[in-house]
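Down below is the structure, laid out as structure tokens.
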Amino acid sequence: MYRPIGPGFFKQPVLELAPALLGQYIVHETPEGLAAARIVETEAYHGPEDRAAHSFNNRRTKRTEVMFADPGRIYTYQMHTHTLMNVVAGEEGTPHAVLIRGAEPVEGLELMQDRRGWHLKIPDLTNGPGKLSKALGVTMESYGGVWYEEPLFIAPGPGLAGELKAGPRVGIQNTGEAVHYPWRFFEEGNPFVSKYR
DNA sequence: CTCCCGATTCGG
DNA sequence: CGAATCGGGAGA
């Protein structure tokens, strides 16, 4: 049904990979069932030169280690009580990554509602990076895995259904000029794009 | 809109 | 040990 995209897809520069991920599927297979969503919002983090990136100045710690590995690796990290999902991009050794921030449910909607709560409106299931991880059942156990093999993978999708837009990234501050870099990419008007703060 | 929650990391 | 964090939820 859903087939993982080839490993080569992730070798492109992070500022190209981030928009290229829009319109693709993110799929997670678990014992509870399969959940899939079409990605509608991403952000690029440009490692060494990007003050907003965890890997700024090539900061290499246990947490950021996976960003220095080969492209296509899964970088997950904890933010408060939530898990955020990133795709390692570009060349091995350069700590670039794309944060997946929003996606539109395609399959397994009821499973997502089980995980997120049935009182929520549909867009609120997945219109934010922490919400999306929870809806898909992704945890820190995925850290270090790859996005081109089961059970958690990117699959070729139908592409964008609306106009591609770019703008400043969400939730970063005290990062100088990096605050303004237009490295957030999203499908205009889609309700599964997270809210800007 | 405001407040509040709180896991983990990292720097000092 | 303290501060900060690529967020989310609840309640006016």
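The basis for the numbers below is simple: all heavy atoms, side chains too, and nothing from hydrogens, waters or symmetry mates. Protein chains get the first letters and strands the later ones, always in sequence-line order, with residue 1 at the start of each. Just so we're clear, the structure is a prediction, and the values are computed from it rather than from any experiment.
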P spacing across the pair C/dC6 / B/dC4, given as an integer number of angstrom: 22 Å

Could you check whether [X] gets within reach of a base, just the sugar-phosphate, or nothing at all, counting any heavy atom under 4.0 Å?
| X | result |
| --- | --- |
| A/Arg184 | nothing |
| A/Gln78 | sugar-phosphate |
| A/Leu99 | base |

Parallel, tilted or perpendicular: which fits the ring planes of A/Tyr148 and A/Phe10, with parallel below 30° and perpendicular above 60°? tilted

d([atom1], [X]; [atom2], [N]) in whole Å:
| X | N | atom1 | atom2 | value |
| --- | --- | --- | --- | --- |
| A/His82 | C/dC6 | NE2 | P | 13 Å |
| A/Leu132 | C/dG7 | CG | P | 13 Å |
| A/Arg116 | C/dA10 | CZ | P | 9 Å |
| A/Lys134 | B/dC5 | NZ | P | 18 Å |
| A/Gln173 | C/dG7 | CD | C1' | 12 Å |

Please determine whether a side-chain nitrogen or oxygen atom of [X] lies at a distance below 4.0 Å from atom OP1 or OP2 of [N].
| X | N | value |
| --- | --- | --- |
| A/Arg101 | C/dC6 | no |
| A/Asn174 | C/dT5 | yes |
| A/Arg197 | C/dC6 | no |

Do you know which of A/Gln78, A/Lys134, A/Glu141 makes side chain to side chain contact (heavy atoms under 4.5 Å, CB included) with A/Thr83? A/Gln78

Salt bridge flag under 4.0 Å for residues A/Arg169 and A/Asp50: yes

Salt bridge between A/Arg101 and A/Glu43, side-chain N to carboxylate O under 4.0 Å? yes

Using both distances under 3.5 Å as the test, list the Watson-Crick or G-U wobble partner of C/dT5, or none. B/dA7

According to the Watson-Crick and G-U wobble definitions, with both distances under 3.5 Å, which nucleotide is paired to C/dA10? B/dT2

Contacting residues from residues 44-67 of chain A, given that a heavy atom lies under 4.0 angstrom of DNA chain B: A/Arg59, A/Thr61, A/Arg63

Could you check whether A/Tyr77 and A/His54 have their ring centres less than 6.0 Å apart? yes

Rounded to the nearest 0.5 Å, what separation is found between the CZ atom of A/Arg63 and the OH atom of A/Tyr75? 4.5 Å

